[in-house]
There are 2 protein chains.
Amino acid sequence: MLKEERQQAILNEVALHNRVLLTDIAELLDVSIDTVRRDVKELDAAQKLRKVHGGAISLGFTNQHTRNTNIYALTEKVKIAEKAVKLLKEGAVIFIDGGTTCLELARLIPENKKLTCFTLSLQVAFELLTKPNIEVIFIGGQLSRDAQIAIGPHAIHQLSEIRVDYSFIGTGYVDSLYGLTEFDWDIVQLKKAVIKAAKKTVLLCISEKLNSQHRYKTCDLNAINTMITELEPDNNLLNLFRDHDVRLL
Amino acid sequence: MLKEERQQAILNEVALHNRVLLTDIAELLDVSIDTVRRDVKELDAAQKLRKVHGGAISLGFTNQHTRNTNIYALTEKVKIAEKAVKLLKEGAVIFIDGGTTCLELARLIPENKKLTCFTLSLQVAFELLTKPNIEVIFIGGQLSRDAQIAIGPHAIHQLSEIRVDYSFIGTGYVDSLYGLTEFDWDIVQLKKAVIKAAKKTVLLCISEKLNSQHRYKTCDLNAINTMITELEPDNNLLNLFRDHDVRLL
DNA sequence: AAATAAATTGCAAAAAACTGCAGATTATAT
DNA sequence: ATATAATCTGCAGTTTTTTGCAATTTATTT
C-alpha cells in the first residue's frame, strides 16, 4: 500500500466521521500504530487535519469550537447525544441545530424511528438522509462557509414559518446568570428564531462550556426546557443551574 | 517496445486504477524497475501523473474522483463542465442544478472567480463552499433521499422568489422533437421553476442522452439558450438539434 | 497516587531511490 | 552503407526512505 493511499484513506475517514482514533485506523488499514501516527503527524503539518491525543479530528469543526481539541470530549458528546435520543418520540417533528454535538445526535437516531427533521446544517442533513424513515427538510438560506449552515435573514424568515415539537440546539457559551451567549451576532438571531419555532427547546452542551459567556445573548436560561450535559444531573458542577426552571439531564 | 508506448501504457494504468506500483508495471511491461522509474520520473516532470514513493498516483487522486465509475463518462462530463465554466462572468448570479455533470461544473469553478450561486443540491453546496469567493445560497425544502436535492412545493416557492443571470441545469432525457423530459413529476416541476428564475438557461448534457425521452416534459428545446455536450458543435450527432433556436457548444 | 494509554525515541530490517557504468539500440552524418 | 554520436536500458553498489519493534517518557483516567 502506498503512503499516499494510506493518508488519503485517513483523510476520508476524518471527513466522514469528523474524528478518528489512531488504533482504529491502524486496524482498518492493517499497519502499525506507529505508521498511522507518523502519517497523521504529516497530515497535521500539512494542515489537512488536526492531530490530537489518541487520534485526529477534522479541521472544519475545530475552527469554530477552538476549545474542543480533546478527542475524549467527543465521547462526551456521544454521551449527550445518547441522552437526547431518548427524548425522541415516534412521529415527532423536530429541529436539529448544527455543531458537533447535534451532529452526533443525528448520527445516533435509530434507523427505524419515524421523524420529520428540520435542519440548517449541511452535515446534519447528509447524516439524516442515510436513515430511511426520516423526512428531512432543509431550511434554505445563505451558507456560512465555516460552520456549513444556512444563516441570514432568509433562513430566519423560513424558520418563522415552521413549528416543531422539539428543537435540539447547541450554544457557544452558557452561564447560569447570563444565559446562552454567542460570539456571532448572526448566529444569535438564528437561534432566537429556532427557539421561537419550537414548543420545547433542548440544549445540548458539554460541561466545559458551563459558566462561560460572550458578547451576544441568545436567550435566558429559562427559555430552555431541558439542558443535557455529559454529567450526571446531581453533579456539583451543575449546582448553579439547578435553581432555574430547566430540566437537567 | 518503444518508450512512448511504455509511457502511454503507464498512463493508462494510472487512469484505470488511480494508482500503480512500479514493481507491477515492471512486471506487466516486462522491463526493469529502473526503466519504469525513469519513465515515471519523466511523466511526473511532464505533469501527467504524480510520482510517489513506491509508485505513482493520478493527479486528481488526492481530491475526489476516487469513486471509480465509468472513467470515460467522467472525462466527458469534465469536458462539458470546462466549456460551461467559460460562460461564467465575474460577479454573475447563477443557479447550479444537481447531478454529476453540474457537480463537475461546481468543482471546476476557479477559486478566484467572484460569484453568487444558488443551488438545491447538498453536494454542489459542499463543493462551492470550498471556494472562498463564492457566496452560496441553498434553496431549502424537503430533501430527496436519492438525489440529495431539495424538492417539493417549498423549494419551488423559494425558486419563484429568485432571479439569476444563468441557470446551469441537467436533464434526464433530451430529444430534438420532444424537448427535455424526466422520469419524475416532482423533478419536472422543480426544473420548470429553475428555468423560470433564470434569464438564460444552459443545459449540460452528455451525448448519450441525446434523442431519448420519457414520461414528463420539462420544456421545449427552445426554452434552452445554450446546450453543451462533450461533442464538437459540428458533430453529426447534433444535426437534429441545429435547427432549433439553441446555441450549441 | 496508581494504572493505563499514548507519544517519543532510537534502532534495525526491508524496500525503494539514486548513481555510475557498460552494452545495446537508434539516429544522424558522411 | 558505414561510421559516429546520442540515447536508451539493465545491472550493481550505495544511499535514502519507510516501517515496525522495544524501551522510555509523557499524558490521561480512575
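As a basis for the values below, the full set of heavy atoms in this structure was taken, side chains included, without hydrogen atoms, waters or symmetry mates. Everything numeric here is computed off the predicted structure, so don't read it as measured data.
Sorted by first and then second residue, the side chain to side chain donor-acceptor pair (under 3.5 Å) pairs involving residues 197-206 of chain A (not counting sequence neighbours) are Asp165(A)-Lys199(A).
Scored by the side chain to side chain contact (heavy atoms under 4.5 Å, CB included) test, Leu22(A) finds Val36(A), Arg37(A), Val40(A) as partners (sequence neighbours excluded). Listed by chain and number, the residues in a side chain to side chain contact (heavy atoms under 4.5 Å, CB included) with Asn112(A) are Pro110(A) (sequence neighbours excluded). Taking the side chain to side chain contact (heavy atoms under 4.5 Å, CB included) definition, one finds that Gln7(B) meets it with Lys3(B), Asp39(B), Glu42(B), Leu43(B), sequence neighbours left out. Remark: Ala197(A) engages Ile162(A) in a side chain to side chain contact (heavy atoms under 4.5 Å, CB included) (not counting sequence neighbours). His53(B) pairs by the ring-ring contact (aromatic ring centres under 6.0 Å, His included) definition with nothing, not counting sequence neighbours. Under the ring-ring contact (aromatic ring centres under 6.0 Å, His included) criterion, Tyr178(A) pairs with no residue at all, not counting sequence neighbours. Residues meeting the ring-ring contact (aromatic ring centres under 6.0 Å, His included) test with Tyr216(A), sequence neighbours left out: Trp185(A).
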Under-3.5 Å N/O pairs linking protein and nucleotides 12-18 of chain C:
{"residue": "dA16(C)", "atom": "O3'", "partner": "Gly54(B)", "partner atom": "N", "Å": "3.2"}
{"residue": "dA17(C)", "atom": "OP1", "partner": "Gly54(B)", "partner atom": "N", "Å": "2.8"}
{"residue": "dA17(C)", "atom": "OP2", "partner": "Arg37(B)", "partner atom": "NE", "Å": "2.9"}
{"residue": "dA17(C)", "atom": "OP2", "partner": "Arg37(B)", "partner atom": "NH2", "Å": "2.4"}

Filtered N/O pairs between nucleotides 5-8 of chain D and protein, under 3.5 Å:
{"residue": "dC8(D)", "atom": "OP1", "partner": "Lys3(B)", "partner atom": "NZ", "Å": "3.1"}

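Comparing the end axes of the helix from dA1(C)-dT30(D) to dT30(C)-dA1(D), each fitted to five base pairs by superposing C1' atoms of four pairs onto the next four, gives an inter-axis angle of 40° (nearest 10 degrees).
Note: CG (Asp39(B)) to C1' (dT9(D)) measures 10 Å, nearest angstrom. If you measure from atom CG of Leu21(A) to atom P of dA5(C), you get 13 Å, rounded to the nearest angstrom. One atom, CD of Glu5(B), and another, C1' of dT9(D), lie 16 Å apart when rounded to the nearest Å. Atom pair Arg38(A):CZ and dC11(C):P shows a separation of 15 Å (rounding to whole Å applied).
Ring orientation note: the planes of His214(A) and Phe183(A) are nearly perpendicular, at an angle over 60° on the 30°/60° scale.
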Sequence neighbours left out, cut at 3.5 Å: what donor-acceptor pairs do the side chains of residues 231-238 of chain B make with other protein atoms?
{"residue": "Asn235(B)", "atom": "OD1", "partner": "Leu237(B)", "partner atom": "N", "Å": "2.8"}

